[in-house]
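Contents: one structure, followed by commentary.
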Amino acid sequence: MRPRPLRFGSPLLREIMLYCLLLIPLASELWMFRSGELGDDPVAQAESDLGLWAFRFLLVTLAITPLRRYGGINLVRWRRVTGLLAFTYALFHVGIFAVIDKKLAMSVILHDVLTNYFIPFGVVAFLILTVLAATSQRASIRALGWKWRVLHRGIYIAALLVAVHYLLSFDSVKIEPVIYAVLTLVLLATRFDRRT
């Protein structure tokens, strides 16, 4: 299959430009990490910040259909971009944990996964996002047919898992993860509203 030409002003080029623009928070985070501006524990701070950005883009992706259905705002053409951004930030979140924090020591990583009950939720969510990102191209849509739509409903499961992962990552109840969890449930609930 021949690749689509990358013409100026083409939909593909606009997707790439938006994707690059929304990587600015990632670049800023990495710059602050490198320059020592992330406080006393920069690794934990960067890991937390990038995980939260992944969650935000996941919620933006989920919000696209309700925005069109209830607000008449059609951002469907950007859904692949926001989904890939959620995966990208999650990849850096996991990468900092595994590579920088744990030095790729598999025994240490496995110990953390088994002893910190919030981590498995994040691991499964990341695996789902990886599959969704890998099958986000139009070629995958054509190859999988109706199965593609079923597969990509996995984003709902991923969102729930991320919400639980974020909630349980604190030793006490915090308002921010509760707000994100409620927002996740509201967005998921709209998917089951067939009145419109």
**Request:** With side chain to side chain donor-acceptor pair (under 3.5 Å) as the test, would you mind laying out the steps for Y89 and R56 before giving the verdict?
**Result:** CA-CA 10 Å; Y89 280 89; R56 288 167 180 162; over 6 Å; no
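- Note: the hydrophobic cluster containing L58 does not contain W53 (ILVMFWY, side chain heavy atoms under 4.5 Å, direct or indirect links).
- Applying the 4.5 Å side-chain rule to ILVMFWY residues, one finds L167, V173, V182, V186 in the same cluster as V178.
- No donor-acceptor distance shorter than 3.5 angstrom exists from the side chain of K102 to the backbone of V99, with no hydrogens or angles considered.
- Hydrophobic clustering places V162 together with F97 (ILVMFWY residues linked when any side-chain heavy atoms are closer than 4.5 Å, directly or through intermediates).
- Side-chain heavy atoms closer than 4.5 Å link hydrophobic residues (I, L, V, M, F, W, Y) into clusters, and following such links, possibly through other members, connects L187 to Y166.
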**Request:** Assess whether side chain to side chain contact (heavy atoms under 4.5 Å, CB included) is satisfied between F57 and L84, documenting all intermediate values.
**Result:** CA-CA 9 Å; F57 281 115; L84 288 173; over 6 Å; no
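- The main-chain N or O of V76 is found under 3.5 Å from a side-chain atom of N74 such that the two form a donor-acceptor pair.
- D49 is linked by a side-chain hydrogen bond (donor to acceptor under 3.5 Å, both in side chains) to Q45, counting only residues two or more places apart in sequence or in another chain.
- Heavy-atom minimum distance, A163 versus A181: CB-CA, 4.2 Å.
- Ring orientation note: the planes of Y180 and F55 are tilted relative to one another, at an angle of 30° to 60°.
- Side-chain N or O atoms of H93 include none that pairs as donor or acceptor with a backbone N or O of L50 at under 3.5 Å.
- Ring to ring, Y117 and F121 are not that close: their centroids are 6.0 angstrom or more apart.
- Taken together through direct or relayed side-chain contacts under 4.5 Å among Ile, Leu, Val, Met, Phe, Trp and Tyr, L91 and L23 form parts of separate hydrophobic clusters.
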**Request:** Determine, stepwise, if the pair S140 / T135 fulfils side chain to side chain donor-acceptor pair (under 3.5 Å).
**Result:** CA-CA 5 Å; S140 295; T135 57; 5.4 Å; no
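- Residue pairs satisfying the ring-ring contact (aromatic ring centres under 6.0 Å, His included) criterion with at least one member in residues 143-165, sequence neighbours excluded, are listed as follows: F118-H165, W148-H152.
- Counting heavy atoms from C-beta outward, F126 and F87 have side chains that approach closer than 4.5 Å.
- Exactly one residue among T65, L67, T61 makes a side-chain contact (heavy atoms from CB on, under 4.5 Å) with L75. That residue is L67.
- For S28 (side chain) and P25 (main-chain N/O), no donor-acceptor pair under 3.5 Å exists by modelled atom type.
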